[in-house]
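Letters A, B, ... are given to chains in the order of the sequence lines, protein chains preceding strands, and every chain is numbered from 1. Computed over heavy atoms, backbone and side chain alike; hydrogens, waters and symmetry mates excluded. On a predicted model such as this, the values are computed, not experimentally measured, just so you know.
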Amino acid sequence: MPLYRDEAVVLRVQKLGEADRIVTLLTRKHGRVRAVGKGVRRTTSKFGASLEPGSHIEVQLHSRMPDGAHPPGSQRGLDLVTQTESLGAYGAQLASDYSRWTAVSAICETTERLTEEGEPALRLYLLIVGALRALVERVHPSGLILDAFLIRAMSNAGWEPALTECAKCSAPGPHTAFNVPAGGAMCENCRPTGSARPQRESVELMVALLGGDWTAADASNEPARRETSGLVAAHLQWHLERGLRSLPLVDRS
Amino acid sequence: MMYEGAVQDLIDELGRLPGVGPKSAQRIAFYLLASEQVDVERLASTLIRVKNDVKFCSICGNVSESEQCRICTDTRRDPTIICVVEEPKDVLAVERTREFRGRYHVLGGAISPIDGVGPDDLRIRELLVRLRDGVVTELILATDPNLEGEATATYLARMINPMGLTVTRLASGLPVGGDLEYADEVTLGRAFSGRRRVD
(Lines give C-alpha, C1' and ligand atoms only; values in the text may rest on other atoms or scores of the structure.)
Protein backbone atom coordinates (compact mmCIF):
# COMPACT_ATOMS: atom_id res chain seq x y z
CA MET A 1 0.00 0.00 0.00
CA PRO A 2 2.20 2.85 -1.21
CA LEU A 3 2.24 6.37 0.12
CA TYR A 4 2.71 9.04 -2.48
CA ARG A 5 2.99 12.83 -2.46
CA ASP A 6 1.90 15.30 -5.09
CA GLU A 7 0.68 18.84 -5.63
CA ALA A 8 -3.05 19.13 -6.27
CA VAL A 9 -6.03 21.41 -6.72
CA VAL A 10 -9.24 20.41 -4.91
CA LEU A 11 -12.02 20.26 -7.51
CA ARG A 12 -15.01 18.92 -5.61
CA VAL A 13 -15.95 17.75 -2.12
CA GLN A 14 -18.80 15.45 -1.14
CA LYS A 15 -19.97 14.57 2.36
CA LEU A 16 -19.27 11.01 3.46
CA GLY A 17 -20.67 9.49 6.64
CA GLU A 18 -20.69 11.57 9.80
CA ALA A 19 -17.60 13.71 9.46
CA ASP A 20 -15.66 12.52 6.40
CA ARG A 21 -15.44 13.83 2.88
CA ILE A 22 -14.70 12.43 -0.54
CA VAL A 23 -12.42 14.91 -2.28
CA THR A 24 -11.76 15.00 -6.00
CA LEU A 25 -8.27 16.31 -6.72
CA LEU A 26 -6.43 17.19 -9.91
CA THR A 27 -2.86 16.26 -9.08
CA ARG A 28 0.19 17.43 -10.97
CA LYS A 29 1.67 13.97 -11.64
CA HIS A 30 -1.14 11.48 -11.09
CA GLY A 31 -4.07 13.15 -12.85
CA ARG A 32 -7.51 13.12 -11.27
CA VAL A 33 -7.65 11.29 -7.94
CA ARG A 34 -10.59 10.64 -5.63
CA ALA A 35 -9.72 10.23 -1.99
CA VAL A 36 -11.30 10.14 1.44
CA GLY A 37 -10.46 12.82 3.99
CA LYS A 38 -11.19 11.34 7.42
CA GLY A 39 -12.80 13.69 9.94
CA VAL A 40 -12.46 16.74 7.65
CA ARG A 41 -15.80 18.18 8.75
CA ARG A 42 -14.92 18.20 12.46
CA THR A 43 -13.93 21.63 13.79
CA THR A 44 -10.73 20.11 15.22
CA SER A 45 -9.69 18.47 11.93
CA LYS A 46 -5.97 18.75 11.17
CA PHE A 47 -6.84 19.39 7.53
CA GLY A 48 -8.58 22.68 8.34
CA ALA A 49 -9.53 24.58 5.18
CA SER A 50 -7.02 22.77 2.96
CA LEU A 51 -9.59 20.32 1.57
CA GLU A 52 -12.03 22.94 0.31
CA PRO A 53 -12.81 23.43 -3.41
CA GLY A 54 -10.25 25.65 -5.13
CA SER A 55 -7.47 24.97 -2.61
CA HIS A 56 -3.98 24.44 -4.02
CA ILE A 57 -2.24 21.95 -1.76
CA GLU A 58 0.63 19.58 -1.34
CA VAL A 59 -0.94 16.30 -0.38
CA GLN A 60 0.20 12.91 0.86
CA LEU A 61 -2.10 10.08 -0.15
CA HIS A 62 -2.29 6.46 0.82
CA SER A 63 -3.17 4.27 -2.15
CA ARG A 64 -5.43 1.35 -1.23
CA MET A 65 -4.05 -0.88 -3.99
CA PRO A 66 -1.18 -3.30 -3.29
CA ASP A 67 2.31 -2.32 -4.44
CA GLY A 68 2.79 -2.77 -8.16
CA ALA A 69 -0.87 -3.53 -8.92
CA HIS A 70 -1.43 -0.10 -10.40
CA PRO A 71 0.48 3.13 -10.35
CA PRO A 72 -0.84 5.35 -7.50
CA GLY A 73 -4.08 7.08 -8.31
CA SER A 74 -4.75 5.06 -11.47
CA GLN A 75 -7.46 2.80 -10.10
CA ARG A 76 -11.06 3.76 -9.56
CA GLY A 77 -10.99 3.06 -5.80
CA LEU A 78 -10.65 5.78 -3.19
CA ASP A 79 -7.24 6.70 -1.79
CA LEU A 80 -6.84 8.13 1.70
CA VAL A 81 -5.61 11.65 2.42
CA THR A 82 -3.05 11.42 5.21
CA GLN A 83 -1.42 14.86 5.16
CA THR A 84 -1.90 18.22 3.49
CA GLU A 85 -0.04 21.49 3.32
CA SER A 86 -1.56 24.59 1.78
CA LEU A 87 0.18 26.16 -1.21
CA GLY A 88 -2.61 28.67 -1.82
CA ALA A 89 -6.05 28.79 -0.23
CA TYR A 90 -7.57 30.28 -3.38
CA GLY A 91 -11.09 28.99 -2.76
CA ALA A 92 -11.21 30.39 0.77
CA GLN A 93 -9.97 33.77 -0.47
CA LEU A 94 -12.62 33.86 -3.18
CA ALA A 95 -15.65 32.77 -1.11
CA SER A 96 -16.13 36.34 0.07
CA ASP A 97 -16.66 37.47 -3.54
CA TYR A 98 -19.77 35.72 -4.89
CA SER A 99 -19.07 36.38 -8.60
CA ARG A 100 -15.52 35.06 -8.42
CA TRP A 101 -16.57 32.08 -6.33
CA THR A 102 -19.19 31.01 -8.89
CA ALA A 103 -16.44 31.29 -11.55
CA VAL A 104 -14.23 28.99 -9.42
CA SER A 105 -17.08 26.45 -9.28
CA ALA A 106 -17.41 26.47 -13.08
CA ILE A 107 -13.63 26.13 -13.51
CA CYS A 108 -13.49 23.17 -11.11
CA GLU A 109 -16.47 21.41 -12.70
CA THR A 110 -15.04 21.84 -16.21
CA THR A 111 -11.67 20.50 -15.09
CA GLU A 112 -13.31 17.47 -13.49
CA ARG A 113 -15.22 16.74 -16.69
CA LEU A 114 -12.18 17.12 -18.95
CA THR A 115 -9.94 14.75 -17.01
CA GLU A 116 -9.82 11.00 -16.47
CA GLU A 117 -8.90 9.29 -13.21
CA GLY A 118 -5.23 8.45 -13.04
CA GLU A 119 -4.30 10.11 -16.34
CA PRO A 120 -1.85 12.99 -15.83
CA ALA A 121 -3.01 16.30 -17.29
CA LEU A 122 -0.13 18.67 -16.58
CA ARG A 123 -1.19 21.44 -18.98
CA LEU A 124 -4.70 21.54 -17.55
CA TYR A 125 -3.25 21.46 -14.03
CA LEU A 126 -1.05 24.48 -14.78
CA LEU A 127 -4.01 26.20 -16.45
CA ILE A 128 -6.30 25.80 -13.43
CA VAL A 129 -3.62 26.96 -10.99
CA GLY A 130 -3.03 30.03 -13.19
CA ALA A 131 -6.77 30.75 -13.43
CA LEU A 132 -7.28 30.49 -9.65
CA ARG A 133 -4.28 32.75 -9.03
CA ALA A 134 -5.59 35.29 -11.55
CA LEU A 135 -9.01 35.29 -9.84
CA VAL A 136 -7.40 35.94 -6.45
CA GLU A 137 -5.15 38.71 -7.80
CA ARG A 138 -8.20 40.44 -9.34
CA VAL A 139 -6.22 41.85 -12.26
CA HIS A 140 -8.95 40.98 -14.80
CA PRO A 141 -12.76 40.67 -14.61
CA SER A 142 -13.81 37.21 -13.35
CA GLY A 143 -15.98 36.53 -16.43
CA LEU A 144 -12.99 37.03 -18.76
CA ILE A 145 -10.77 34.78 -16.64
CA LEU A 146 -13.45 32.07 -16.69
CA ASP A 147 -13.94 32.32 -20.47
CA ALA A 148 -10.18 32.33 -21.06
CA PHE A 149 -9.87 29.19 -18.94
CA LEU A 150 -12.75 27.45 -20.73
CA ILE A 151 -11.52 28.22 -24.24
CA ARG A 152 -7.93 27.21 -23.42
CA ALA A 153 -9.08 24.04 -21.64
CA MET A 154 -11.07 23.13 -24.77
CA SER A 155 -8.03 23.82 -26.91
CA ASN A 156 -5.99 21.55 -24.62
CA ALA A 157 -8.63 18.81 -25.01
CA GLY A 158 -8.42 19.08 -28.81
CA TRP A 159 -11.63 21.05 -29.27
CA GLU A 160 -10.19 24.47 -30.06
CA PRO A 161 -12.80 26.47 -31.98
CA ALA A 162 -11.77 27.70 -35.43
CA LEU A 163 -11.73 31.49 -35.14
CA THR A 164 -9.44 32.94 -37.82
CA GLU A 165 -10.31 30.53 -40.64
CA CYS A 166 -13.36 28.58 -41.80
CA ALA A 167 -13.91 25.46 -39.69
CA LYS A 168 -14.79 23.44 -42.79
CA CYS A 169 -12.73 24.66 -45.78
CA SER A 170 -9.97 26.55 -43.88
CA ALA A 171 -10.54 29.71 -45.95
CA PRO A 172 -8.81 32.56 -44.09
CA GLY A 173 -11.13 34.89 -42.18
CA PRO A 174 -12.43 36.93 -40.57
CA HIS A 175 -15.83 35.25 -41.09
CA THR A 176 -19.19 36.49 -39.91
CA ALA A 177 -20.89 33.15 -39.20
CA PHE A 178 -20.27 30.88 -36.18
CA ASN A 179 -21.57 27.36 -35.94
CA VAL A 180 -20.94 25.35 -32.77
CA PRO A 181 -21.52 21.81 -34.18
CA ALA A 182 -19.33 22.61 -37.19
CA GLY A 183 -16.47 23.76 -34.95
CA GLY A 184 -16.38 27.56 -35.01
CA ALA A 185 -16.29 30.39 -37.56
CA MET A 186 -17.54 29.60 -41.06
CA CYS A 187 -17.27 31.23 -44.46
CA GLU A 188 -20.39 32.19 -46.45
CA ASN A 189 -20.06 29.15 -48.73
CA CYS A 190 -19.85 26.56 -45.95
CA ARG A 191 -22.19 28.23 -43.45
CA PRO A 192 -25.07 25.86 -42.46
CA THR A 193 -28.49 27.42 -41.96
CA GLY A 194 -29.13 28.52 -38.39
CA SER A 195 -25.53 29.60 -37.77
CA ALA A 196 -25.00 32.44 -35.30
CA ARG A 197 -23.90 35.87 -36.52
CA PRO A 198 -21.69 37.15 -33.70
CA GLN A 199 -20.24 40.65 -33.64
CA ARG A 200 -16.71 40.94 -35.01
CA GLU A 201 -15.59 42.13 -31.53
CA SER A 202 -16.83 38.89 -29.96
CA VAL A 203 -14.73 36.70 -32.26
CA GLU A 204 -11.76 39.03 -31.70
CA LEU A 205 -12.27 38.65 -27.96
CA MET A 206 -12.22 34.86 -28.25
CA VAL A 207 -8.96 35.09 -30.24
CA ALA A 208 -7.51 37.35 -27.53
CA LEU A 209 -8.59 35.00 -24.71
CA LEU A 210 -7.19 31.97 -26.52
CA GLY A 211 -3.87 33.69 -27.22
CA GLY A 212 -3.55 35.36 -23.79
CA ASP A 213 -3.74 38.91 -25.19
CA TRP A 214 -5.07 40.49 -22.00
CA THR A 215 -4.62 44.06 -23.21
CA ALA A 216 -7.14 43.42 -26.00
CA ALA A 217 -9.40 41.31 -23.73
CA ASP A 218 -9.57 43.97 -21.00
CA ALA A 219 -10.39 46.62 -23.61
CA SER A 220 -13.40 44.67 -24.94
CA ASN A 221 -16.92 46.00 -24.53
CA GLU A 222 -19.70 44.48 -22.40
CA PRO A 223 -21.95 43.19 -25.25
CA ALA A 224 -18.96 41.39 -26.80
CA ARG A 225 -18.12 39.81 -23.44
CA ARG A 226 -21.70 38.59 -23.02
CA GLU A 227 -21.82 37.13 -26.52
CA THR A 228 -18.40 35.50 -26.10
CA SER A 229 -19.52 33.85 -22.84
CA GLY A 230 -22.54 32.38 -24.60
CA LEU A 231 -20.50 31.07 -27.55
CA VAL A 232 -17.77 29.60 -25.34
CA ALA A 233 -20.35 27.91 -23.07
CA ALA A 234 -22.25 26.51 -26.08
CA HIS A 235 -19.03 25.23 -27.69
CA LEU A 236 -17.88 23.57 -24.45
CA GLN A 237 -21.21 21.92 -23.66
CA TRP A 238 -21.58 20.68 -27.23
CA HIS A 239 -18.29 18.82 -26.99
CA LEU A 240 -18.89 17.58 -23.44
CA GLU A 241 -22.28 16.24 -24.65
CA ARG A 242 -23.80 17.34 -21.33
CA GLY A 243 -24.54 20.65 -19.68
CA LEU A 244 -22.40 21.96 -16.85
CA ARG A 245 -24.45 22.51 -13.69
CA SER A 246 -22.44 25.47 -12.50
CA LEU A 247 -22.36 27.51 -15.72
CA PRO A 248 -25.95 28.85 -15.53
CA LEU A 249 -25.27 29.88 -11.91
CA VAL A 250 -22.15 31.94 -12.69
CA ASP A 251 -22.75 35.49 -11.48
CA ARG A 252 -21.48 37.85 -14.16
CA SER A 253 -22.80 41.05 -12.54
CA MET B 1 -26.42 -15.55 -1.63
CA MET B 2 -29.85 -13.94 -1.24
CA TYR B 3 -32.26 -14.45 1.64
CA GLU B 4 -35.89 -15.28 0.99
CA GLY B 5 -38.78 -12.85 0.69
CA ALA B 6 -39.33 -10.41 3.56
CA VAL B 7 -35.84 -10.75 5.07
CA GLN B 8 -34.14 -9.78 1.80
CA ASP B 9 -36.66 -6.98 1.26
CA LEU B 10 -35.82 -5.59 4.71
CA ILE B 11 -32.06 -5.81 4.03
CA ASP B 12 -32.56 -4.02 0.69
CA GLU B 13 -34.64 -1.25 2.29
CA LEU B 14 -32.18 -0.76 5.16
CA GLY B 15 -29.32 -0.73 2.67
CA ARG B 16 -30.86 2.32 0.98
CA LEU B 17 -30.39 4.41 4.15
CA PRO B 18 -27.42 6.81 4.21
CA GLY B 19 -24.32 5.33 5.80
CA VAL B 20 -25.75 1.80 5.93
CA GLY B 21 -23.88 -0.71 3.77
CA PRO B 22 -25.00 -4.27 2.88
CA LYS B 23 -23.26 -5.82 5.92
CA SER B 24 -24.76 -3.30 8.34
CA ALA B 25 -28.18 -3.73 6.72
CA GLN B 26 -27.95 -7.48 7.23
CA ARG B 27 -26.88 -7.04 10.86
CA ILE B 28 -29.77 -4.64 11.61
CA ALA B 29 -32.27 -6.93 9.84
CA PHE B 30 -31.28 -9.92 11.96
CA TYR B 31 -31.27 -7.79 15.11
CA LEU B 32 -34.86 -6.79 14.30
CA LEU B 33 -35.80 -10.43 13.62
CA ALA B 34 -34.51 -11.39 17.05
CA SER B 35 -36.18 -8.43 18.81
CA GLU B 36 -39.45 -8.52 20.76
CA GLN B 37 -42.63 -8.00 18.70
CA VAL B 38 -43.55 -4.90 20.72
CA ASP B 39 -40.18 -3.21 20.09
CA VAL B 40 -40.43 -3.74 16.34
CA GLU B 41 -44.04 -2.46 16.27
CA ARG B 42 -42.97 0.66 18.18
CA LEU B 43 -40.21 1.32 15.65
CA ALA B 44 -42.58 0.78 12.71
CA SER B 45 -45.26 3.07 14.13
CA THR B 46 -42.65 5.78 14.89
CA LEU B 47 -41.43 5.64 11.30
CA ILE B 48 -44.98 6.04 9.97
CA ARG B 49 -45.79 8.80 12.48
CA VAL B 50 -42.67 10.82 11.61
CA LYS B 51 -43.61 10.72 7.93
CA ASN B 52 -47.30 11.55 8.52
CA ASP B 53 -47.08 14.14 11.30
CA VAL B 54 -43.80 15.99 10.89
CA LYS B 55 -43.79 18.89 8.49
CA PHE B 56 -41.78 22.05 7.99
CA CYS B 57 -42.67 25.26 9.86
CA SER B 58 -44.38 27.68 7.49
CA ILE B 59 -42.37 30.60 8.93
CA CYS B 60 -38.82 29.39 9.53
CA GLY B 61 -38.63 26.05 7.71
CA ASN B 62 -37.62 24.09 10.82
CA VAL B 63 -39.12 20.63 11.41
CA SER B 64 -42.38 20.83 13.36
CA GLU B 65 -45.45 18.78 14.20
CA SER B 66 -47.78 21.74 13.67
CA GLU B 67 -48.12 24.51 11.09
CA GLN B 68 -45.64 26.66 13.05
CA CYS B 69 -42.75 25.36 15.16
CA ARG B 70 -42.37 25.87 18.93
CA ILE B 71 -39.69 28.55 18.49
CA CYS B 72 -41.76 30.67 16.10
CA THR B 73 -44.82 30.54 18.41
CA ASP B 74 -42.82 31.21 21.61
CA THR B 75 -43.60 34.84 22.56
CA ARG B 76 -40.60 34.98 24.91
CA ARG B 77 -38.20 34.73 21.95
CA ASP B 78 -36.81 37.99 20.56
CA PRO B 79 -38.54 38.63 17.20
CA THR B 80 -36.01 41.32 16.18
CA ILE B 81 -33.11 38.89 15.63
CA ILE B 82 -33.08 36.06 13.12
CA CYS B 83 -30.35 33.45 12.96
CA VAL B 84 -30.01 31.98 9.45
CA VAL B 85 -28.87 28.35 9.34
CA GLU B 86 -28.55 25.74 6.60
CA GLU B 87 -30.35 22.74 8.09
CA PRO B 88 -32.83 21.98 10.92
CA LYS B 89 -30.03 20.15 12.79
CA ASP B 90 -28.13 23.45 12.98
CA VAL B 91 -31.05 24.95 14.96
CA LEU B 92 -30.48 22.27 17.58
CA ALA B 93 -26.73 22.97 17.62
CA VAL B 94 -27.32 26.71 18.27
CA GLU B 95 -30.04 25.98 20.85
CA ARG B 96 -27.61 23.81 22.81
CA THR B 97 -25.42 26.89 23.42
CA ARG B 98 -28.31 28.66 25.32
CA GLU B 99 -26.74 31.93 24.06
CA PHE B 100 -29.30 32.84 21.46
CA ARG B 101 -32.86 33.93 22.29
CA GLY B 102 -34.00 35.11 18.87
CA ARG B 103 -35.69 33.19 16.07
CA TYR B 104 -34.38 31.12 13.17
CA HIS B 105 -34.61 30.79 9.44
CA VAL B 106 -33.66 27.46 7.85
CA LEU B 107 -32.41 27.82 4.26
CA GLY B 108 -32.55 24.12 3.42
CA GLY B 109 -28.91 23.92 2.25
CA ALA B 110 -26.19 26.15 0.86
CA ILE B 111 -25.46 27.56 -2.58
CA SER B 112 -23.32 25.05 -4.46
CA PRO B 113 -23.08 25.73 -8.22
CA ILE B 114 -21.04 22.58 -8.85
CA ASP B 115 -23.98 20.53 -7.50
CA GLY B 116 -26.49 22.67 -9.39
CA VAL B 117 -27.85 24.34 -6.22
CA GLY B 118 -28.44 28.04 -6.79
CA PRO B 119 -30.08 30.81 -4.71
CA ASP B 120 -33.52 29.94 -6.13
CA ASP B 121 -33.30 26.42 -4.69
CA LEU B 122 -33.04 27.73 -1.11
CA ARG B 123 -35.60 29.49 1.12
CA ILE B 124 -34.07 32.91 0.44
CA ARG B 125 -37.28 34.39 -1.00
CA GLU B 126 -39.15 33.41 2.20
CA LEU B 127 -36.42 35.12 4.27
CA LEU B 128 -36.79 38.36 2.32
CA VAL B 129 -40.58 38.24 2.89
CA ARG B 130 -39.96 37.88 6.66
CA LEU B 131 -37.69 40.93 6.65
CA ARG B 132 -40.19 43.11 4.80
CA ASP B 133 -42.36 44.09 7.82
CA GLY B 134 -39.51 45.95 9.57
CA VAL B 135 -39.68 44.01 12.88
CA VAL B 136 -36.31 42.33 12.36
CA THR B 137 -33.29 44.54 13.05
CA GLU B 138 -30.44 42.01 13.04
CA LEU B 139 -29.67 38.98 10.92
CA ILE B 140 -27.03 36.49 12.10
CA LEU B 141 -25.59 34.41 9.28
CA ALA B 142 -24.77 31.03 10.84
CA THR B 143 -24.17 29.00 7.70
CA ASP B 144 -21.46 26.30 7.89
CA PRO B 145 -17.85 27.56 8.03
CA ASN B 146 -16.98 25.91 4.70
CA LEU B 147 -16.80 27.51 1.26
CA GLU B 148 -20.44 26.85 0.32
CA GLY B 149 -21.54 28.33 3.65
CA GLU B 150 -19.23 31.36 3.25
CA ALA B 151 -20.44 32.01 -0.29
CA THR B 152 -24.08 31.69 0.80
CA ALA B 153 -23.43 34.18 3.62
CA THR B 154 -21.73 36.54 1.14
CA TYR B 155 -24.69 36.30 -1.23
CA LEU B 156 -27.21 36.97 1.58
CA ALA B 157 -25.19 39.90 2.94
CA ARG B 158 -25.04 41.42 -0.55
CA MET B 159 -28.83 41.18 -0.85
CA ILE B 160 -29.76 42.28 2.68
CA ASN B 161 -27.22 45.02 3.48
CA PRO B 162 -29.04 47.60 1.30
CA MET B 163 -32.16 47.03 3.47
CA GLY B 164 -30.41 48.77 6.38
CA LEU B 165 -30.39 45.78 8.76
CA THR B 166 -27.43 44.80 10.91
CA VAL B 167 -26.00 41.71 9.23
CA THR B 168 -23.49 39.70 11.28
CA ARG B 169 -21.59 36.47 10.62
CA LEU B 170 -20.58 33.94 13.27
CA ALA B 171 -16.93 34.34 14.27
CA SER B 172 -14.53 31.71 13.05
CA GLY B 173 -11.08 30.85 14.34
CA LEU B 174 -9.29 28.44 16.63
CA PRO B 175 -11.26 25.56 18.13
CA VAL B 176 -11.26 25.20 21.91
CA GLY B 177 -8.95 22.36 22.96
CA GLY B 178 -6.64 22.51 19.94
CA ASP B 179 -2.93 23.33 19.54
CA LEU B 180 -1.94 26.51 17.69
CA GLU B 181 0.75 24.74 15.65
CA TYR B 182 -1.83 22.48 14.01
CA ALA B 183 -4.09 25.32 12.84
CA ASP B 184 -4.11 25.81 9.07
CA GLU B 185 -3.34 29.23 7.57
CA VAL B 186 -6.97 30.12 6.77
CA THR B 187 -8.26 29.32 10.26
CA LEU B 188 -5.33 31.06 11.94
CA GLY B 189 -5.70 34.05 9.61
CA ARG B 190 -9.38 34.37 10.51
CA ALA B 191 -8.53 34.06 14.20
CA PHE B 192 -6.06 36.94 13.81
CA SER B 193 -8.46 39.16 11.89
CA GLY B 194 -11.21 38.46 14.45
CA ARG B 195 -9.02 38.93 17.56
CA ARG B 196 -10.51 40.87 20.46
CA ARG B 197 -9.26 43.03 23.29
CA VAL B 198 -8.64 41.28 26.62
CA ASP B 199 -9.65 43.45 29.59
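Contact of A/Arg21 with chain B is made through the side chain alone, with heavy-atom distances under 4.5 Å. Using a 4.5 Å cut-off between heavy atoms, B/Asp179 makes no contact with chain A at all. Neither the backbone nor the side chain of B/Ser172 comes within less than 4.5 Å of any heavy atom in chain A. Proximity to chain B is limited to the backbone of A/Asp97, based on heavy atoms less than 4.5 angstrom apart. With a 4.5 angstrom heavy-atom cutoff, B/Ile111 touches chain A via backbone and side-chain atoms both. Looking at A/Leu11, the atoms closer than 4.5 Å to chain B (heavy atoms on both sides) all sit in the backbone: N, CA, C or O.
Pairing each heavy atom of A/Ala95 with each of B/Leu147, the nearest pair is CB-CD2, 3.9 Å. The two residues A/Ala89 and B/Val186 have their closest heavy-atom pair at CB-CG2, 3.4 Å.
The neighbour count for A/Arg138 CZ, taken as heavy atoms of other residues, nucleotides or ligands under 6.0 Å away, is above 12. Residue-environment remark: CZ (B/Phe100) exceeds the threshold of 12 foreign heavy atoms within 6.0 Å. By the neighbour-count criterion of 12 heavy atoms within 6.0 Å, atom CD of B/Glu138 is densely surrounded, having more than that number from other residues, nucleotides or ligands. Within 6.0 Å of atom CD in A/Glu222, more than 12 heavy atoms from other residues, nucleotides or ligands are found, so the atom counts as buried in its surroundings.
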One pair to check against side-chain contact (heavy atoms from CB on, under 4.5 Å): A/Trp101 and B/Thr154. What are the steps and the verdict?
CA-CA 10 Å; A/Trp101 184 72; B/Thr154 305; over 6 Å; no
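Interatomic distance, CD1 of B/Ile114 versus OG1 of A/Thr102, reported as 12.0 Å (0.5 Å rounding). In this structure, CD on A/Gln93 lies 12.5 Å from CD on B/Glu150, to the nearest 0.5 angstrom. Annotation: the span from B/Leu156 atom CG to A/Tyr98 atom OH amounts to 9.5 Å, rounded to 0.5 Å.
Put simply, of A/Pro248, A/Ser105, A/Ser50, the one with the most heavy-atom pairs under 4.5 Å next to chain B is A/Ser105. Among the candidates A/Glu18, A/Glu112, A/Arg245, the residue making the largest number of heavy-atom pairs closer than 4.5 Å to chain B is A/Arg245.
Checked by atom type and distance alone, the side chain of A/Ser96 never pairs as donor or acceptor with a backbone atom of B/Ala151 at under 3.5 Å.
Using a cutoff of 4.0 Å between basic side-chain nitrogens and carboxylate oxygens, A/Arg12 and B/Asp115 are scored as salt-bridged.
Between B/Arg158 and A/Ser99, some side-chain heavy-atom pair lies under the 4.5 Å cut-off.
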